[in-house]
Structure formats: structure tokens, C-alpha cells
Protein chains: 2
Amino acid sequence: MMNFQEGKQKFIESWGKMASDWGINRTMAQVHALLLIAAEPLTADEVMSELDISRGNANMNIRALMDWGLVHKQLRTGERKEYFYAEKDMWVVVRQIILNRKKRELEPMLKVLEEISSVENNCPESESFCTVVRDIRKFSNKANQTLDALVKADATWLSNPLFSLLR
Amino acid sequence: MMNFQEGKQKFIESWGKMASDWGINRTMAQVHALLLIAAEPLTADEVMSELDISRGNANMNIRALMDWGLVHKQLRTGERKEYFYAEKDMWVVVRQIILNRKKRELEPMLKVLEEISSVENNCPESESFCTVVRDIRKFSNKANQTLDALVKADATWLSNPLFSLLR
DNA sequence: CAGAATTTTCAAATACTTTTGAAAACAAAA
DNA sequence: TTTTGTTTTCAAAAGTATTTGAAAATTCTG
């Protein structure tokens, strides 16, 4: 049986690794991991010392996580320090991530695809171009719709019989 | 109506942008975009001059795309040069990408989650840890299964009535 | 086999991203 | 208002990733 500290380190490290594979700042993901598994909200100083990072870095990444809607601030009466805690409902976490990435990445791409789907088609090169663009557009629109559906769906999605049917 | 060269530039640029948001080398995605829309297979020299990149860079990224199974080599009898073309069936492209990322990223994460789900649980801290790890594990396993299903499904998936039901 | 065409490699250069830490800004308390 | 604790900012430093280009390896041809 693994001990708690070891498990915690592994989790933080591996969450960070996965995130950086997906184009997300590694430290941001490590802060997220730390707050996810914390029993209580943590202060910036606790994040700094647990992850051994600077104040500026901690502040910046906590802020980014709040922008993503994955972490929230808790103010305690009679205390000056700010406490931070992560949203722990995995369904909400995934939904937030999908929403953010969809908006920042998929939607701009869709816009470009729409623009360029009006390319004049009058030679073999443009023929090939137009076919591919049309296909990608069809696919991306479908993906977009499916993501919208996922986001609207509620947490019971995980056990949605429709999904087992897909198997 | 947009002209072809302009559309082509926009497409390559925006495909590269999107890829780099997702942790994929921008140039690799641009080479992919270029080959996707090409009417005919291209040589390394053509890729170099179209994208204005060095020989080493072109070679390296073409190779990576072949490793991903997104680009193939064509040898022409009587010619020394190698020609490269991209898989254009979007369903196959997406399938390849899912397969690769699943194997390189999701699966290692699942392995870590399994390891750390044996953490001894005997204090409030470990309680919180175990709960989150259990939830993430449940979720990732479901995602893994769903991706397996997607990969096994055939191209008609796009118009699968099950997916419209999700809306 | 030698020579020519082509691809591959990789150390060094460049470009890009993240982190630091000290100073500035801010906010509560005295 | 002044002091003190806390958060924010941001220029410079450190760290990563990508790109170059010339040399080495490979492969075809005569």
C-alpha cells in the first residue's frame, strides 16, 4: 500500500505532465492538482511552499485557474489572507475545460473555415483545397454540436445509456 | 469571393495555430495542412519552399507525421525523390490522432491513477485525496472506453443517430 | 566501384515560454 | 494617517522547444 505523501507527489507530477502535453502550463496544472486533493482551502503561501514555487508564479497561476472557473476564492472574516479551493465535481471540471477550450480554440477555427470556404474554385489545386476544407468544416461543426450537447447535458451523462450503446 | 492563395495561407496558419494550442508542434501541423490540401503528393523540397523552412525541419516534421500515421511516402519508379501525401479521410485522420494521444497520454495517466488509488486512507487529507482520485479514475476510464468505441466505430459515426440523440 | 542525388542527423543558434523576486499597489488595522 | 500584512505586477533571468545548416549517411546510377 502506497503512502499518502508519495501518492500526492505522483498525482501532482502526473497531472502536470498530462496538462503540458495538452498545451496547458505545467505549473498551473500542478496548482490545480494540489487544490483538487486538498481537504481544506489553501493560501497562496501554502501553494508556494508545497510546490516550491515563487510568489509571483503562484499568484499568476491561481489567477489563471480562477479565470478558467476551476478554482475559487474564499474570504474568511477576521483574516486578511485569501484562501483558494478547487471545484471538485469532475463533471463541472470537465465542462469548464471544454467550454473554455471550445471558445478559445475551436470557435476561431470554425470562423476561419467559414471564411475560407468561399475560395474560388477554378483549378485542380483549388478543387482539392475546397474538398478538404468542406470535410473539415463538416467534421468540426459536428464536433462543436456534440460538445454543446455534452456541456448542456447534466452530470448523469457518465452513466447515460446512450454512451454504453456506443461501445 | 476569396482567392485560392489567400485561403491556403489562412488555412495553413490557422491549422498550425490550433495545433500549437493543443501541444503539437506548429510546423508539423503546417506541413500537415499543406499536404492535406495539396492536389498531388509533394517532395521535401516543395514543402521547404512552400513553408519557407529548412531541410532539417521539413524532414523531421514529415517523419513525425508519418509516425503519427497521418502522412505516407510515395515512391515513383524512375525517380529518386520521395513524394509525400496526407491521409485525407477526416474520419481516419481523427481516428489516428485519438489513437496516438490516447496511447501516449491518457494511458500513462490511467496507470498512475491505478497505482495511487492504493494510497492508505487514514486521515482527513488522505480521505480527500482518495475521493478525488477515485472520481478522476472513474471519469478517465469512461473517457477511455468512449474513445475506444469511437475508434472502433466506422466512418458512418458522423451521421450516427445516437449522436443526434445526445443533443 | 565512384560519383551524384537525396535524405538524415545533430550541435549550435534562435525563438519562445515560464519563473523569479523585488518593487509597487492595495487594503485592513492601529 | 501611518504602519503592516498581503497581493499584484513586470523586467530580467532561467528554462524549453524549435530551427538551422552543414556534414555524414544512404541510396541510386552508370
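Between B:Leu36 and B:Ala86 the shortest heavy-atom distance is N-CB, 3.8 Å. The minimum heavy-atom distance between B:Trp15 and B:Ala33, with the atom names listed, is CD1-CB, 3.5 Å.
Taking atom NZ of A:Lys73 as the reference point, atom P of C:dA27 lies 10 Å away to the nearest angstrom. Rounded to an integer number of Å, the gap from A:Glu46 CD to D:dT6 C1' is 14 Å. A straight line from CE of B:Met48 to C1' of D:dT19 spans 12 Å, rounded to a whole angstrom. Put simply, CG on A:Leu51 is 16 Å from P on C:dT18, counting in whole angstrom units. For the pair A:Ile53 CD1 and D:dA14 P, the interatomic distance rounds to 19 Å; values are reported in whole Å. The separation between A:Asp52 atom CG and C:dT19 atom P is 12 Å, rounded to whole Å.
Ion pair B:Lys111/B:Glu115 flagged as a salt bridge, since at least one NZ, NE, NH1 or NH2 atom sits closer than 4.0 Å to an Asp/Glu carboxylate oxygen.
Near DNA chain D, meaning a heavy atom under 4.0 Å away, the residues from residues 10-45 of chain B are B:Asn25, B:Thr27. Using a 4.0 Å cutoff on non-hydrogen atoms, the parts of residues 55-72 of chain A near DNA chain D are A:Arg55, A:Gly56, A:Asn59, A:Arg63, ordered by number.
A cation-pi contact links A:Arg104 to A:Trp68, judged by a cut-off of 6.0 Å to the six-membered ring centre and 45° from its axis.
Looking at B:Trp22 and A:Glu105, their side chains do bring a donor and an acceptor atom within 3.5 Å of each other. Checking A:Asn121 against A:Ser126 by side-chain atom types alone, a donor-acceptor pair falls below 3.5 Å. Side chains of A:Asn144 and A:Asp148: a donor-acceptor N/O pair is absent below 3.5 angstrom, by distance only.
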Original post:
Taking protein heavy atoms under 4.0 Å as touching, what does nucleotides 24-30 of chain D look like 5' to 3' if B marks base contact, S marks sugar-phosphate-only contact and - marks none?
Top reply: ---BBS-
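Using a 4.5 Å cut-off on side-chain heavy atoms (C-beta onward), A:Val119 and B:Met2 make contact.
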**OP:** Using the side chain to side chain contact (heavy atoms under 4.5 Å, CB included) rule, take B:Ile97 and B:Leu70 through it: C-alpha gap first, then chi angles, then the decisive distance, then the call.
**Re:** CA-CA 8 Å; B:Ile97 293 173; B:Leu70 296 172; 4.1 Å; yes
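For the pair A:Arg95 (side chain) and A:Val151 (backbone), a donor-acceptor distance under 3.5 Å is present. A donor-acceptor distance shorter than 3.5 angstrom exists from the side chain of B:Arg101 to the backbone of A:Asp21, with no hydrogens or angles considered.
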